[in-house]
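Order of the sequence lines sets the chain letters (A, B, ...), proteins ahead of strands, with each chain counted from 1.
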Amino acid sequence: MLKRTKIAQLLQSEQTIKQVLIKGWVRTRRDAKDFSFVEINDGSCLKNMQVIARNDLSNYDDIKKLTTGSSVAVTGEMILSQGGNQKFEVVAETIEIYSLAPEDYPLQKKKHSDEYLRTIAHLRPRSNKYGAAFRVRSELSYAIHKFFNERGFRYVHTPIITGSDCEGAGEMFQVTTLDINNPPRTPDGKVDYSQDFFGKEARLTVSGQLNGEMYACALGDIYTFGPTFRAENSNTTRHAAEFWMIEPEMAFADIHDDMDLAEDMVKYCIRHVMNTCADDLALFDKFVEPGLLDKLNNIMNSGFARITYTEAIDIMKASGKAFEYKPEFGIDLQTEHERFLAEEHFKRPVIVRDYPKEIKAFYMRLNDDGRTVAAMDVLVPGIGELIGGSQREERLDVLIKRIEEMGMTEADYEWYLDSRRYGSVPHAGFGLGFERMMMLITGIGNIRDVIPFPRTPKSINF
RNA sequence: UCCGGCUUAGCUCAGCGGUAGAGCAAUCGGCUGUUAACCGAUUGGUCGCCUGUUCGAAUCAGGCAGCCGGAGCCA
């Protein structure tokens, strides 16, 4: 019994093969005089296998009806192709038709707009561009795990549902089994969450960081890699309500170790994808972002610029450039500032650190100057903020003071503060938006096009 | 959430007051070791929804919805 071989594997062959079995979907068919060319794609790689279907095949009449999108199994000999565009082709001995795609198959043999393909997100991975994107997504995921695993980081699964409404990273989705049309009430008229599934309010996580810190303070170096949710009404090309985030956390590490890790990880991931998805990246370089490969090589081979927030402000002031938001110490860096630094001034990724404490989260370590914290953001050309991280405040008294300063409730963080009560150590970590790295590596400009089924405000199809 | 733009055939768009057009796709036929082949023919739309102005609205006005881009929030 002949076993199926994937096209990606066949195309790596050094020589012709007497008998092969391939299975896939018809991309296009062209008739010649005594035979038909059928291009098969099985998703294993960008390239198709050209199949020669001669008119002496018993079901040739049916083969002539094969339309784009139809599914087939083909046996035959893989020979060197006479045509110039492919090394091999398969001369069919049998073609079994699984299913003919009717004429209303939505993917035509032509270029479609990304907006249209988004409306058929369930079929778009069958197109060249999206097939490539989601092969890259898979390889990039693997690269993340491989990078951390090779460095002795442990993979920690932090909860998706959280009872804490104070993870400090934005609006959260509520999770409840109560009947929202008729919820139980307490005597004073409020919703009685003691009767809800968890006995209290529950939400989808916006970050696993606080949990991750606990595990770093036990296992040493850890990372999380999982789905994250934000109920922000953000309508941009860089935000989604559901996205995947990578959050490493290192015990016995400071802000400089953190920056080293971030830079090493980005370079490692790019290298891995360039090595494993060369054809797919070539497509992006040709059709999506001309110059992409040069950009990626530049990122891999150049050191990331590293400056302090104060230096960044000075650079922008000295540039003479007219910014809409005037650079002054104390302002948050706007999109235009990030783009200026990464794209115009340094022309490569930049890591900015030591931000004013007022514009950063409570858990970031207070610097000796008393007015900045050991936070760092990695800004990349075209994307803006790819990574946000910090050295964490490990001093219990300073941390409690920061919680008070920011008007937060200490009682909500008792379990978190335990890590500072018992064997507290310097530690640091960061958060990386997985889809943002996908955009960086593929050149695809919209986050909706690097997630299989994107969830954004007013949109939850499929 | 704010600002701007768009919504006409399956797709991409033109038409911008007088009752709808192109290219591509699809279908049919022809030609051909072809390369998202080529040539010919055919099919295909209550012009996003609601209200109004007008003798007459795809076209003008108002409202709504959806989509796109930018900004904010951030990953």
Does the structure show a Watson-Crick or G-U wobble partner for [N], both distances under 3.5 Å? Name it, or say none.
{"N": "B/rG17", "value": "none"}
{"N": "B/rU32", "value": "none"}
{"N": "B/rA71", "value": "B/rU1"}
{"N": "B/rC64", "value": "B/rG48"}

Phosphate contact (B/rG70 OP1 or OP2) by A/Arg238 side-chain N/O below 4.0 Å = no

Short side-chain N/O contact to B/rC74 OP1/OP2 from A/Ser234, under 4.0 Å = no

Looking at every strand, decide which applies to [X] at a 4.0 Å heavy-atom threshold: base, sugar-phosphate, or nothing.
{"X": "A/Ile246", "result": "nothing"}
{"X": "A/Arg27", "result": "nothing"}
{"X": "A/Thr68", "result": "nothing"}
{"X": "A/Thr237", "result": "sugar-phosphate"}

ask   = Taking the six-membered ring of A/Phe229, is NZ or CZ of A/Arg203 closer than 6.0 Å to its centre and within 45° of its axis?
value = no

Pairwise [atom1] distance, [M] and [N] [rounded to whole Å]:
{"N": "B/rC13", "M": "B/rA71", "atom1": "P", "result": "23 Å"}
{"N": "B/rU34", "M": "B/rC39", "atom1": "C1'", "result": "15 Å"}
{"N": "B/rU7", "M": "B/rG48", "atom1": "P", "result": "8 Å"}
{"N": "B/rC6", "M": "B/rU35", "atom1": "C1'", "result": "36 Å"}
{"N": "B/rG10", "M": "B/rU46", "atom1": "P", "result": "8 Å"}
{"N": "B/rC24", "M": "B/rA37", "atom1": "P", "result": "14 Å"}
{"N": "B/rG45", "M": "B/rA20", "atom1": "P", "result": "13 Å"}
{"N": "B/rC73", "M": "B/rA14", "atom1": "C1'", "result": "40 Å"}

Whole-Å distance separating the [atom1] atom of [X] from the [atom2] atom of [N]:
{"X": "A/Asn235", "N": "B/rC67", "atom1": "CG", "atom2": "P", "value": "9 Å"}
{"X": "A/Ile387", "N": "B/rC74", "atom1": "CD1", "atom2": "P", "value": "18 Å"}
{"X": "A/Glu435", "N": "B/rA75", "atom1": "CD", "atom2": "P", "value": "14 Å"}
{"X": "A/Leu117", "N": "B/rG10", "atom1": "CG", "atom2": "P", "value": "17 Å"}
{"X": "A/Glu232", "N": "B/rC2", "atom1": "CD", "atom2": "C1'", "value": "15 Å"}
{"X": "A/Glu171", "N": "B/rG72", "atom1": "CD", "atom2": "P", "value": "18 Å"}
{"X": "A/Met437", "N": "B/rA75", "atom1": "CE", "atom2": "C1'", "value": "12 Å"}
{"X": "A/Lys458", "N": "B/rC64", "atom1": "NZ", "atom2": "P", "value": "14 Å"}

query = Of all of residues 133-150 of chain A, which get a heavy atom below 4.0 angstrom from RNA chain B, listed by number?
reply = none

query = For RNA chain B, which residues in residues 328-354 of chain A have a heavy atom at a distance below 4.0 Å?
reply = A/Asp332, A/Gln334, A/Thr335

Taking 4.0 angstrom as the limit, do [X] and [Y] come out as a salt bridge?
{"X": "A/Asp114", "Y": "A/Arg448", "result": "no"}
{"X": "A/Glu344", "Y": "A/Lys321", "result": "yes"}
{"X": "A/Lys64", "Y": "A/Asp62", "result": "no"}
{"X": "A/Glu249", "Y": "A/Arg392", "result": "yes"}
{"X": "A/Arg135", "Y": "A/Glu139", "result": "no"}

ask   = Do the two ring centres, one from A/Tyr416 and one from A/Tyr363, sit under 6.0 Å apart?
value = no

message = I'd like to check A/His337 versus A/Arg339 (side-chain heavy atoms, cut-off strictly below 4.5 Å). Are they in contact?
response = no

message = Generate the contact string for nucleotides 32-37 of chain B. Rules: B means base contact, S means sugar-phosphate contact only, - means no protein heavy atom under 4.0 Å.
response = BBBBBB

Pair A/Asn235-A/Asn233, side chain to side chain donor-acceptor pair (under 3.5 Å): steps then yes or no = CA-CA 6 Å; A/Asn235 294 285; A/Asn233 190 9; 3.2 Å; yes

request  = Specify the residue among A/Ile359 and A/Tyr105 whose closest nucleotide of RNA chain B lies further upstream toward the 5′ end.
outcome  = A/Tyr105

ask   = If every non-hydrogen atom of A/Arg137 is compared with every non-hydrogen atom of A/Ile451, which pair is closest and at what distance?
value = NH1-CA, 3.7 Å

Would you call the rings of [X] and [Y] parallel, tilted or perpendicular, taking 30° and 60° as the class edges?
{"X": "A/Phe37", "Y": "A/Phe35", "answer": "perpendicular"}
{"X": "A/Tyr309", "Y": "A/Phe329", "answer": "perpendicular"}
{"X": "A/Phe225", "Y": "A/His145", "answer": "tilted"}
{"X": "A/Phe340", "Y": "A/His345", "answer": "tilted"}

message = For a quick check, tell me whether the side chain of A/Arg118 and the base of B/rC68 share a donor-acceptor pair closer than 3.5 Å.
response = no

